[in-house]
Amino acid sequence: MTAINVRVDGAAYADDVEPRTLLVHYLRETLGKVGTVVGCDTSNCGACTVHLDGQAVKSCTVFAVQADGCSVTTIEGLGSGGSLHPVQRAFTEMHGLQCGFCTPGMIMASIDLLAENPDPSDDEVREGIEGNLCRCTGYQNIVRAVRHAAAEMRGTQAEVDTAAADHVVRADEKAAQA
Ligand code: FES
Ligand code: FES
């Protein structure tokens, strides 16, 4: 066993782990962070994506011992004060999910993408999340969600097609209705 010290979602943990323990298994089985899911275990699907010192990584490709001294953020560490992170909210509002299995990893990858490129085009979103697979949505609403969140995070009105989310009342429409 090897001793590790790691911060996960803002809390400090000190644990003994097998050197072969994957980070995703440490998160789920030792810490109970089951919001991070395993889709393939072979580094293909991206469902297990978390942030390691701010960078998106597939946690099934990282040993827990490699996270020693690092800060990990999972889908459970997003948002604050009971509010969703803008990317989480956008996935909900823009129907960026169906079964939801890919969603934690998709959101973590998207946040990393937006940190590097705050105003991505559709193609840049598709390229940025190419390591994350979704079997349900066809990706169209995921792209819309990421661009919607990007606009909100930049403090501008989203210029994306909201046809798939007619229930979303835009801020300007809301003001007009008041
Ligand atoms: Fe890690 Fe699929 S479970 S990439
Ligand atoms: Fe089902 Fe993406 S919503 S796999």
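Numbering of ligands and ligand atoms starts at 1, following listing order.
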K.L.:
If every non-hydrogen atom of Leu133 is compared with every non-hydrogen atom of Cys102, which pair is closest and at what distance?
P.N.:
O-CB, 3.3 Å
K.L.:
Checking side-chain polar atoms at under 3.5 Å, does Asp123 have a donor or acceptor matched by the opposite partner on Ser121?
P.N.:
no
K.L.:
Is Leu84 reachable from Ile75 through a run of hydrophobic residues whose side-chain heavy atoms are each under 4.5 Å from the next?
P.N.:
no
K.L.:
Could you pull out the closest heavy-atom pair between His51 and Met108, with the gap in Å?
P.N.:
NE2-O, 2.7 Å
K.L.:
Quick check: do Phe91 and Ser110 have side-chain heavy atoms less than 4.5 Å from each other?
P.N.:
yes
K.L.:
Using every non-hydrogen atom in the two residues, find where Ser43 and Lys58 come nearest and quote the distance to one decimal.
P.N.:
O-NZ, 3.1 Å
K.L.:
Going by heavy atoms in the side chains, are Leu78 and Ile111 under 4.5 Å from each other?
P.N.:
yes
K.L.:
Would you list the protein N, O or S atoms within less than 2.8 Å of atom 1 (Fe) of ligand 2, leaving out water?
P.N.:
Cys99 SG, Cys136 SG
K.L.:
Starting at CZ of Arg89, measure out to NE2 of His148 and round the result to the nearest 0.5 Å.
P.N.:
8.5 Å
K.L.:
Verify the neighbour count for atom CZ of Arg154: are there more than 12 heavy atoms of other residues, nucleotides or ligands below 6.0 Å?
P.N.:
yes
K.L.:
Anything protein N/O/S under 2.8 Å from atom 2 (Fe) of ligand 1? Just list residue and atom, please.
P.N.:
Cys40 SG, Cys45 SG
